[in-house]
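Working notes for the structure below.
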Amino acid sequence: MEPSISPSVITEPAPDEPLAHRRLVFGIVAIALLMASIDQTIVATALNAIRSDLNAELTWSGWTITVYALGQIIVMPLAGRLGDQFGRKKIFLGAAALFTVASLCCSLADNIYLLVVFRAFQAIGGGAFMPTATGIVAEQFGRDRDRAIGMFTSIFPIGGIIGPIIGGIIVTYWSWREIFVVNIPIGLLLIVLGLKFIPSSPPKAASRIDGTGAFLLAVTMLFGMYGISSLGSAGAEPTDPLFIVSMVIALALGFLFVRHANRHAAPFIPVSLLRGRGFGAMNTINFLFGAAMLGFGALVPLYAESRYGIQPLQAGTLLTARAVGMICVAGLAVFALRRTGYRAPMIGGFVLVAGGMTLMSLAPHGLTPYAWLAMAAGITGIGMGLSIPASNNASLQLAPDQISAIAGLRGMFRQSGGIVAVSITTTILNHASNAGASQAHSFVVFAAILLLMIPITFLVPDHRGTW
């Protein structure tokens, strides 16, 4: 007679042991991240088409990018907390459903204002993907979570390859509306697979969600964005009352938010994750990183079209060149982290990206404009593939027990930087007599920001091995 074996021996893994179906779960959450990545790069290729079809100013067309980032800023920290409290699977699937419905609404919008509103709802869904996906994967991969989370770096470049090509083809042969329609079948597939295969995580006891803090942060960013964007209107000046009032309100609300965070028992953004050991430096790096890299990526197709007259399909593939550079390096960088630590890859990556941005701002030498821009974009991609895995994990290792919250906070600071960069740049371009040349100057500024980040990396605790 065979000796009986307790079911717990089979089904219960050792503490921190990777689970059996981790790769399948990783593939499912990767679909969500891929969908969000495709959506960002597709919209970047359609700014001119949206502006023309809806008869909108460039600043309002730019809001289709910045309001998406604003929604993610608010939702990322909130989604991490909600996932811990109610279960990550529920929040993840709810986000997928909202993202899919909002994409349909975006495709039907008949004016720029409705499109911006629907993009905000889409951002709520998209913003919840990263923190919940990070938590789900961390649970599944156990002690190998650093490598699994680092592999997220390779997902976004794949979207960067697919998105611009699809976006360029759609804008060239159909209209910008179809760039949102492509999300619908992907979203439906994601929901079906998630319901069937993602395991439910038990809810955890959590403190009451700080709705007041979330509201204060949201309206602070909204008034700040609106104030900056108002300068892009025809005839607007820094002395315009609309700009002054918006910025004064934003500063006042920002002060209230900081005071509230210091006094609340469980603030929307924990103070310990803002200025604790290493967090102050990493939050600064993530903000500047978002300003330089997200702002740069969102505006590359527009730059190629306005300065060199490159068609939307070709302009979109410049983001593909950047994504290819990322993929070529990111996988190797992830597996080398335990040997290299975080600081060296971040510094090397920042230098390479700054070099690629500087080349992009210069006139082509010995190459066609497209080939020159593609080469420069590829160099920036190599730098991003080197630096992003390290910067993604550098803050996570500071508090491994708060992975979802830290992932949300990291995304919040990066998106904040991207909002500021895109809002200011589109405002400047709207007033510029030569938009292409002005945007070239902005790339030089982005490159300088990256180089200024290097000294800050020495304030981040370096780390080797597992955590």
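Residues take their numbers from the sequence shown, with the count starting at 1.
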Supply the atom-to-atom distance [X] [atom1] to [Y] [atom2], rounded to the nearest 0.5 angstrom.
X    : Y    : atom1 : atom2 : answer
T380 : L352 : OG1   : CG    : 9.5 Å
I379 : T358 : CD1   : OG1   : 10.0 Å
I454 : M346 : CD1   : CE    : 11.0 Å
S387 : I347 : OG    : CD1   : 11.0 Å
I191 : F92  : CD1   : CZ    : 10.0 Å
F26  : I31  : CZ    : CD1   : 11.5 Å

Exercise for the section: Measure from the side-chain N and O atoms of W174 to the backbone N and O of I179, and report whether any donor-acceptor pair falls under 3.5 Å. Expected result: no
Practice task
May I ask you to decide if A102's main-chain N or O and R119's side chain share a donor-acceptor pair within less than 3.5 Å?
Solution key: no
Handout entry: Heavy-atom closest contact (M360 atom, Y303 atom, distance)
Key = O-OH, 2.9 Å
Practice task
Search all heavy atoms of S361 against all heavy atoms of F443 and return the closest pair with its distance.
Solution key: CB-CB, 4.2 Å
Are [X] and [Y] close enough that some pair of their side-chain heavy atoms sits under 4.5 Å apart?
X    : Y    : result
L108 : F118 : no
N111 : L114 : yes
L288 : L452 : no
I456 : M282 : no

Exercise for the section: Report the residue from L386, I382, L450 that forms a side chain to side chain contact (heavy atoms under 4.5 Å, CB included) with V353. Expected result: L450
